[in-house]
Protein chains: 2
Amino acid sequence: MSDPNDMPGHLARRFQQIAVAVFLAEVGEAGFDLTPVQYAALATIKANPGLDQVTLAGLIAYDRTTITGVIDRLVQKGLAERRASSRDRRARELEITDEGRRTLRKITPTVESAQRIMLRGLSAKEGEELMRLLRKAIAAGNALSRAPLREA
Amino acid sequence: MSDPNDMPGHLARRFQQIAVAVFLAEVGEAGFDLTPVQYAALATIKANPGLDQVTLAGLIAYDRTTITGVIDRLVQKGLAERRASSRDRRARELEITDEGRRTLRKITPTVESAQRIMLRGLSAKEGEELMRLLRKAIAAGNALSRAPLREA
DNA sequence: TACTGATAGTCAGCATACTGAGCAATATCA
DNA sequence: TGATATTGCTCAGTATGCTGACTATCAGTA
């Protein structure tokens, strides 16, 4: 049959919906106000100091137009800084602030426990297998979205 | 390490991102203007004529506030109708139109081929296994989002 | 050096998704 | 019956994500 509820696309949406809800609930309960996207951006800025927005977008597979707003909010919360690049006046170099570093350090255990919660219906082995299959499907479909993952 | 790119939540987001992109590309190429959400809603209305919006939301696990806009757009495109219920004057009964039925019939093969494309990196067996694991994880996490699946 | 094309970032517009609030109608129960 | 709780729907506000267009800048080349 063609039951939408049993299509891969629908399952993808549902799983992501739960993943986001769990993330926000756990992080909120721990007293922080950070979305999954903001967390990924902040962690990637910390790991790649001074990178520009397009590179950041490629490293975590966002659209470049989405990044603008995400950075806006990180800057507004005092977690990141946006500086004009001296080498390329079109580009903005991104830096994490001390406050951002503190937030990231305190929040990471919560984020990791959220990951366990969203897989709580699966055994450890099944969780690993789900992640392997997702990685494989994503690698094959990477070029199909407007925001493919791009290695540094 | 805590690489966001390798967390279940991030993989969920990436896979869904690709799934939506593939859906829109295939459906658009076939000459239709319908989103994944609109498709799921329309197919569910067809299968459950006269259902109200809250029931529809439960059957495909949307938030009730999201449904309002989705139905707006289906009605605007002439694919569905919203009627006041005679039994409960708070509720709206939803019906698919002839045009909606035609669209659904013509679009379904395209939707199914889109599902195959988003799994193209996996063998048939792996695709089945991915779906099984997603279903299992979703069932366990169903109550964790604001829009859980609700049986009729 | 002047032209051409590509690139970094932003913006407007649209469609999900969510939170929280509110209104109208219905259900429940003292 | 009358007060109270619940339910169906909508709306305002916020945050992804996308398309497509635009500006400013850079890079390569005739």
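Here is how names work: the chains are called A, B, and so on, in the same order as the sequence lines, proteins then strands, and each is numbered from 1.
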With a cut-off of less than 4.0 Å, is there a side-chain N or O of [X] near OP1 or OP2 of [N]?
| X | N | result |
| --- | --- | --- |
| R87(B) | dT26(C) | no |
| Q53(A) | dT10(C) | yes |
| Q38(B) | dT16(C) | yes |

Could you check whether [X] gets within reach of a base, just the sugar-phosphate, or nothing at all, counting any heavy atom under 4.0 Å?
| X | answer |
| --- | --- |
| T68(A) | base |
| T66(B) | base |
| R92(A) | sugar-phosphate |
| R146(B) | base |
| A21(B) | nothing |

### Message
I'd like to check the side chain to side chain contact (heavy atoms under 4.5 Å, CB included) partners of E128(B); sequence neighbours left out, ordered by chain and number.
### Response
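Scan of E128(B) (side chain to side chain contact (heavy atoms under 4.5 Å, CB included), adjacent residues dropped) gives none.
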### Query
Along DNA chain D, 5' to 3', what are the outermost nucleotides having an atom less than 4.0 Å from a heavy atom of chain B?
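So the contact region on DNA chain D extends dT7(D) to dC18(D).
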### Query
I71(B) CD1 to dA17(C) P: how many Å, rounded?
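Answer to the nearest Å: 14 Å.
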### Task
Please state how far atom CG in L51(A) lies from atom C1' in dG9(C), giving the value in whole angstrom units.
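It is 14 Å, rounded to the nearest whole Å.
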### Query
Going through the distances and angles, do V22(A) and E26(A) end up as a side-chain contact (heavy atoms from CB on, under 4.5 Å)?
CA-CA 6 Å; V22(A) 168; E26(A) 292 299 303; 4.2 Å; yes
#### Entry: Interface residues of residues 24-34 of chain A with DNA chain D (non-hydrogen, below 4.0 angstrom)
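Here the set is empty: none.
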### R73(A) or R89(A), whichever maps to the more 5' nucleotide of DNA chain D
R73(A)
